[in-house]
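The residues of the chain are indexed from 1 along the displayed sequence. Computed from a prediction, not measured in an experiment: that's the story for all the values here.
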Amino acid sequence: MPRKEQEPQLQLLLVISDIIVIIVSFYLAFWLRFYSGLIPVTKGPPNIPIYLRALFFTLVIWIFIFNHYGLYQLTVQMNFFRTSSRLVQSVLTGSILLMAVTFLFRTLELSRWMVFLGLLFNLIGLHISRFLLKKYFLYLQQQSGRITRILIVGTGSTARFLAEKLKQSPVYQFLGFVEESNSGNSNTIPMDEPILGSVDTLEQLTSQHQVNEVLIASSKLSHDQILDLMLKCEQQNIRFRFVPDLLEIITNRVVVDELDGFPLFTVKETPLTGWNVLVKRGFDIVGSLLGLIVLGWLMLIIAYLIKRDSPGKVIYTQERIGADGKRFLIYKFRTMVENAEAETGPVWAKRNDPRCTKIGSFLRKHNLDELPQLFNVLKGEMSLVGPRPERPYFVDQFKNRIPRYMLRHKVKSGMTGWAQVNGWRGDSSIEERTKYDLYYIENWSILFDIKILFLTLFARKNAY
């Protein structure tokens with residue numbers, strides 16, 4: 001399965017290939033019906049503008065239908081028969097809808113032969129293109145070395161079955177099994193299968209073997225043990241999936257995936273996947289460019305005032321932890337004296353902090369010190385809205401103390417966020433801030449982003 005950073009590009013490639021197939025199928029059907037001489041033309045030459053309008057309608061509606069049937073989910077593309085079933089349903093639904101529109105609007109009367117041939121060519125072309133793209137996706141993963149390295153927790157028949165499936169896949173690398181305890185009771189596994197350790201040593205094993213994903217395939221683990229394993233994986237940004245008792249997981253927070261027809265379950269993640277990643281990135285690019293254009297004059301004035309107020313650099317850079325645990329340098333207007341943490345080390349800013357300059361206190365109160373982060377957003381290191389990035393020093397503390405803290409790093413960090421507009425910023429409760437950040441991640445939408453940006457204009461609580 002493609003990694004998260006590849007998904008938007010590959011999904012866009014799927015859409016582009018579908019558009020090309022639909023257009024080619026349309027013109028091939030048009031030529032066979034009216035110009036090949038194979039089918040008699042009894043009503044004169046076709047009204048080309050009407051057929052062009054029908055083509056535009058088909059492109060727009062069919063892409064939405066394909067998306068509705070999940071044909072742009074990359075997990076589907078790994079199973080050709082599942083893709084084929086959805087393609088047939090989608091094309092038939094789109095064709096019926098097109099015929100219904102032509103029935104309602106007599107001015108859009110189309111040749112029945114044309115509709116039939118278009119449906120046939122689309123089915124053939126879409127199957128061929130999806131098959132070739134599947135091969136291409138697998139090739140990309142193999143060439144880039146982005147093979148998913150997997151550990152299986154469990155030593156029973158289910159674990160063995162999963163291991164066999166993984167070993168047959170070109171995009172997964174099965175590393176070995178992890179026992180449920182240190183008892184050494186592993187007689188259900190053939191001797192040639194690697195048992196790397198127990199759940200007590202999972203953190204060391206995932207680090208040692210550069211694991212990307214952990215699969216739980218055991219009924220021997222308690223709920224507390226599973227939760228503990230999940231938290232350990234989250235702290236290391238490792239994907240966690242399991243095969244549970246079906247009667248215990250019927251809940252809207254569970255997402256079902258599959259491995260060659262075998263069901264896998266994972267806790268519901270952020271809506272920020274696939275198309276939504278492209279939408280949010282486009283929103284960030286447009287928003288950051290507009291922000292730099294509209295607020296450029298203000299940023300120049302602020303830079304002049306900082307330089308005049310105290311000696312030191314105008315722009316302050318600091319290492320932060322962003323999406324997927326990647327480090328980057330965040331840009332801010334300097335609001336404190338130069339080398340403010342030389343004696344204290346990393347500490348939170350406090351109300352009436354003596355390290356703040358005169359202009360710095362004003363900038364922090366009105367969130368103006370964050371304006372240079374528009375460049376971080378434009379570069380793709382941050383987003384306009386998201387969980388605020390923390391320094392590595394604090395992340396190392398919080399990830400071991402606060403459950404699910406590392407889930408904040410499943411998305412790009414933001415210039416502002418849901419926690420900040422609700423007053424959870426600065427030297428405030430990290431636990432509460434994390435709750436608000438996770439709520440944002442699980443309920444993201446563009447309208448939610450716009451709401452947060454608007455509220456940021458009025459957010460003053462704990463701004464110091």
Side-chain angles (χ1 to χ4, degrees), residues 2 7-138 258 260-261 274-275 278-279:
E7 288 187 4
Q9 294 90 338
L10 297 182
Q11 287 174 316
L12 182 61
L13 184 59
L14 280 171
V15 175
I16 292 173
S17 70
D18 286 348
I19 290 174
I20 292 173
V21 168
I22 293 171
I23 293 175
V24 171
S25 299
F26 180 90
Y27 277 101
L28 184 57
F30 188 82
W31 177 80
L32 279 175
R33 173 62 184 91
F34 296 108
Y35 295 104
S36 67
L38 298 175
I39 303 173
V41 179
T42 58
K43 295 184 180 181
N47 189 330
I48 293 179
I50 287 179
Y51 281 90
L52 289 177
R53 287 198 291 271
L55 174 59
F56 177 77
F57 172 85
T58 301
L59 284 172
V60 174
I61 300 301
W62 282 31
I63 295 301
F64 277 103
I65 293 174
F66 288 0
N67 185 59
H68 173 74
Y69 276 95
L71 284 168
Y72 299 124
Q73 296 174 10
L74 295 178
T75 54
V76 175
Q77 308 314 314
M78 299 297 108
N79 187 315
F80 186 73
F81 293 104
R82 187 176 170 191
T83 302
S84 177
S85 173
R86 296 189 182 190
L87 277 174
V88 172
Q89 294 179 64
S90 300
V91 171
L92 288 176
T93 301
S95 298
I96 292 172
L97 189 58
L98 178 61
M99 288 187 286
V101 170
T102 59
F103 177 79
L104 293 174
F105 301 94
R106 295 295 183 180
T107 56
L108 290 177
E109 184 177 355
L110 304 175
S111 164
R112 293 173 184 170
W113 267 108
M114 172 73 188
V115 174
F116 172 75
L117 290 171
L119 185 152
L120 179 64
F121 292 146
N122 269 297
L123 281 175
I124 295 172
L126 289 168
H127 275 82
I128 293 173
S129 69
R130 291 303 175 108
F131 177 79
L132 294 176
L133 284 173
K134 174 187 176 182
K135 296 296 184 184
Y136 177 63
F137 291 169
L138 297 178
E258 67 172 52
D260 196 18
W275 271 110
L278 291 176
V279 172

Nearest 0.5 Å please: distance from the [atom1] atom of [X] over to the [atom2] atom of [Y].
X	Y	atom1	atom2	value
S129	I124	OG	CD1	12.0 Å
I16	I20	CD1	CD1	7.0 Å
I61	T93	CD1	OG1	12.5 Å

Considering all heavy atoms of both residues, which atom of V21 and which atom of G125 are nearest to each other, and what is their separation?
->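 V21 and G125 have their closest heavy atoms at CG1-C, 3.7 Å.
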Check I65 against G94 and note the closest heavy-atom contact, atom names and distance.
-> CD1-CA, 3.6 Å
Enumerate the residue pairs fulfilling salt bridge (charged side-chain N to carboxylate O under 4.0 Å, His left out) with a member in residues 20-36, sequence neighbours excluded, ordered by first and then second residue.
-> none
Sequence neighbours left out, what pairs pass salt bridge (charged side-chain N to carboxylate O under 4.0 Å, His left out) with at least one residue falling in residues 88-98?
->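 Qualifying pairs, neighbours excluded: none.
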Checking side chain to side chain contact (heavy atoms under 4.5 Å, CB included) for the pair L71/L14: CA distance, chi angles, key distance, verdict?
-> CA-CA 9 Å; L71 284 168; L14 280 171; over 6 Å; no
Partner set under side-chain contact (heavy atoms from CB on, under 4.5 Å) for [X], not counting sequence neighbours:
X	result
F121	S25, L28, A29, L32, L117
V88	L92, L123, H127
L59	I19, I22, I23, L55

Could you go step by step and tell me if F26 and N122 meet the side chain to side chain contact (heavy atoms under 4.5 Å, CB included) rule?
-> CA-CA 8 Å; F26 180 90; N122 269 297; over 6 Å; no
Can you name the side-chain hydrogen bond (donor to acceptor under 3.5 Å, both in side chains) partners of D18, sequence neighbours left out?
->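 So D18 forms a side-chain hydrogen bond (donor to acceptor under 3.5 Å, both in side chains) with Y72, R130.
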